[in-house]
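Here is the structure we will look at.
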Amino acid sequence: MTAAFLTQISETLASIEAEGMMKRERLITSPQGGRITVEHAGQQRENVVNLCANNYLGLADHPALIAVAKDSYDAHGFGMASVRFICGTQDIHRQLEQRLAAFLGKEDSILFAACFDANAAVFEPLLGPEDAIISDALNHASIIDGIRLCKARRYRYSNSDMDDLEAKLKEARNSGARHIMIATDGVFSMDGYLANLPDVTNLAQKYAALVMVDDCHATGFMGPQGRGMAAHYGVDVDILTGTFGKALGGAIGGYIAGPQAVIDLLRQRARPYLFSNSLPPAMVIAALAALDLVEAGDDLRWQLFENTKYWRDGLASLGFDLLDGEHPIVPVMLGDARLSQQMATKLFDHGVYVAGFFFPVVPKGAARIRTQMNAALTKTDLDFALDGFAKAGRAVGAIS
Ligand SMILES: *Cc1c(COP(=O)(O)O)cnc(C)c1O
């Protein structure tokens with residue numbers, strides 16, 4: 001290690017600190033859930049209401065998932081110590097892939113260690129330099145990285161701007177692209193806005209393009225039976241990616257679902273699949289149990305959207321400025337970055353755990369606290385959190 005190298009790294013850290021951009025991680029000492037214990041200033045803060053997990057259906061500490069995961073260690077062992085194609089495929093891995101494909105209305109699916117890997121994997125084997133990818137400007141970092149790894153020509157359209165998407169489709173067609181793929185998040189997670197899949201799929205048809213949707217913030221709870229954003233709109237998209245790390249248990253794992261030939265080729269060529277370990281059996285078994293719960297009925301989804309409505313109405317009547325929407329992501333707009341940090345700190349004093357988001361994660365002047373509802377929160381939790389928002393909001397002058 002050279003001194004010059006370490007000096008440069010330290011300077012970068014110092015500049016992150018000076019810009020007020022240093023991320024600090026608070027330690028949770030309980031399971032993830034609606035109420036958590038958080039270590040703060042050397043003390044355990046119990047029963048903190050958690051409003052920033054992607055735990056939409058409240059499955060992160062669900063007894064059914066924990067029970068099957070425990071049992072799986074006896075029946076299937078701890079780890080696979082192999083990639084899938086050498087000796088890392090158990091019966092349950094194929095079961096999960098087929099089950100998931102049926103749930104999503106696709107011919108087959110393929111598992112990855114995370115959706116980050118699925119998005120890193122999906123473009124490069126399918127598209128070459130003769131092809132084009134048109135990507136929404138607000139797509140998740142993993143889609144951006146996946147596109148960077150692919151040799152196709154890249155176009156970017158302004159978030160959900162259909163005129164701009166059409167302009168880019170024309171440009172790609174005029175430049176002689178062989179295949180064109182539109183890539184979009186199903187839900188844009190900073191705003192909770194839904195992608196305009198009806199218009200995206202119409203434009204795709206008009207220009208003979210394919211559509212890839214990353215449904216991480218939708219699978220399990222948006223659309224009928226929780227089948228995601230395409231089902232929500234009753235449209236068909238070509239390729240889906242998603243995660244087990246959010247609504248479907250919150251542990252780890254990702255997937256790509258699509259036509260048989262596409263999945264077959266990905267199994268041959270997708271690098272994060274070929275050169276990375278197989279998912280642990282416990283995660284696979286628990287993902288199957290999560291799908292059981294998702295398919296068993298609408299109770300969890302009903303609770304989630306009931307909570308979302310109660311929460312939105314409560315915040316609005318306190319006078320907070322919210323972004324409109326129907327998704328369980330409910331952003332509380334504060335504008336100023338410092339204000340969003342002060343508000344988050346005050347909320348924690350009142351036993352409410354939230355995350356403030358500010359530039360460069362969101363545009364300058366659009367700092368916010370992104371709250372996320374989940375089915376594990378009770379009305380008592382929500383009233384407690386609303387009371388915290390009222391007190392914190394008045395203390396920092398965000399509401400009167
Ligand atoms: C969370 C998320 C990912 C990453 O998923 P992991 O399984 O945690 O890697 C990818 N895309 C979107 C849109 C996400 O929200």
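Keep in mind the model is a prediction, meaning the values are calculated, not measured. Both counts, for ligands and for their atoms, begin at 1 and track the order of listing.
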- Query: Relative to the heavy atoms of Asn119, which atoms of ligand 1 are at a distance of less than 4.0 Å?
  - Reply: 10 (C), 11 (N)
- Query: Are any side-chain N or O atoms of Arg368 and backbone N or O atoms of Ala366, one a donor and one an acceptor, separated by less than 3.5 Å?
  - Reply: yes
- Exercise: do Asn307 and Gln303 side chains pair donor with acceptor under 3.5 Å: yes
- Assess the side chains of Gln372 and Tyr56: does a donor N or O sit below 3.5 Å from an acceptor N or O? yes
- Using distance alone, decide if ligand 1 has a nitrogen or oxygen within less than 3.5 Å of any nitrogen or oxygen in Phe116. yes
- Which atoms from ligand 1 have a heavy atom of Ser142 less than 4.0 Å away? 10 (C), 11 (N)
- For Lys246, the ligand 1 atoms whose distance to one of its heavy atoms is below 4.0 Å: 1 (C), 2 (C), 3 (C), 14 (C), 15 (O)
- Message: Could you go through Asp136 and Asn139, starting from their C-alpha distance and side-chain angles, then the distance that decides it, and tell me whether this counts as side chain to side chain donor-acceptor pair (under 3.5 Å)?
- Response: CA-CA 5 Å; Asp136 189 289; Asn139 277 344; 5.6 Å; no
- May I ask you to identify the nearest protein heavy atom to atom 8 (O) of ligand 1, giving residue, atom name and distance to one decimal place in Å? Thr243 OG1, 4.2 Å
- Message: List ligand 1 atoms under 4.0 Å from His217, heavy atoms only on the residue side.
- Response: 15 (O)
- Task: Could you tell me whether Ala114 approaches ligand 1 through its side chain, its backbone, both or neither, with non-hydrogen atoms closer than 4.0 Å?
- Result: both
- For ligand 1, which atoms, with element, lie under 4.0 Å from some heavy atom of Asp214? 10 (C), 11 (N), 12 (C), 13 (C)
- Note on the structure: Taking only non-hydrogen atoms of Asp185 and a 4.0 Å limit, the atoms of ligand 1 in range are 13 (C)
- With atoms numbered from 1 as shown, which atoms in ligand 1 lie under 4.0 angstrom from a non-hydrogen atom of Cys216? 2 (C), 3 (C), 10 (C), 11 (N), 12 (C), 13 (C), 14 (C), 15 (O)
- atom 6 (P) of ligand 1 - nearest protein heavy atom and its distance: Cys115 N, 3.5 Å
- Message: I'd like to know if the side chain of Asp91 pairs up with that of Gln95 as donor and acceptor (distance under 3.5 Å, no hydrogens or angles considered).
- Response: no
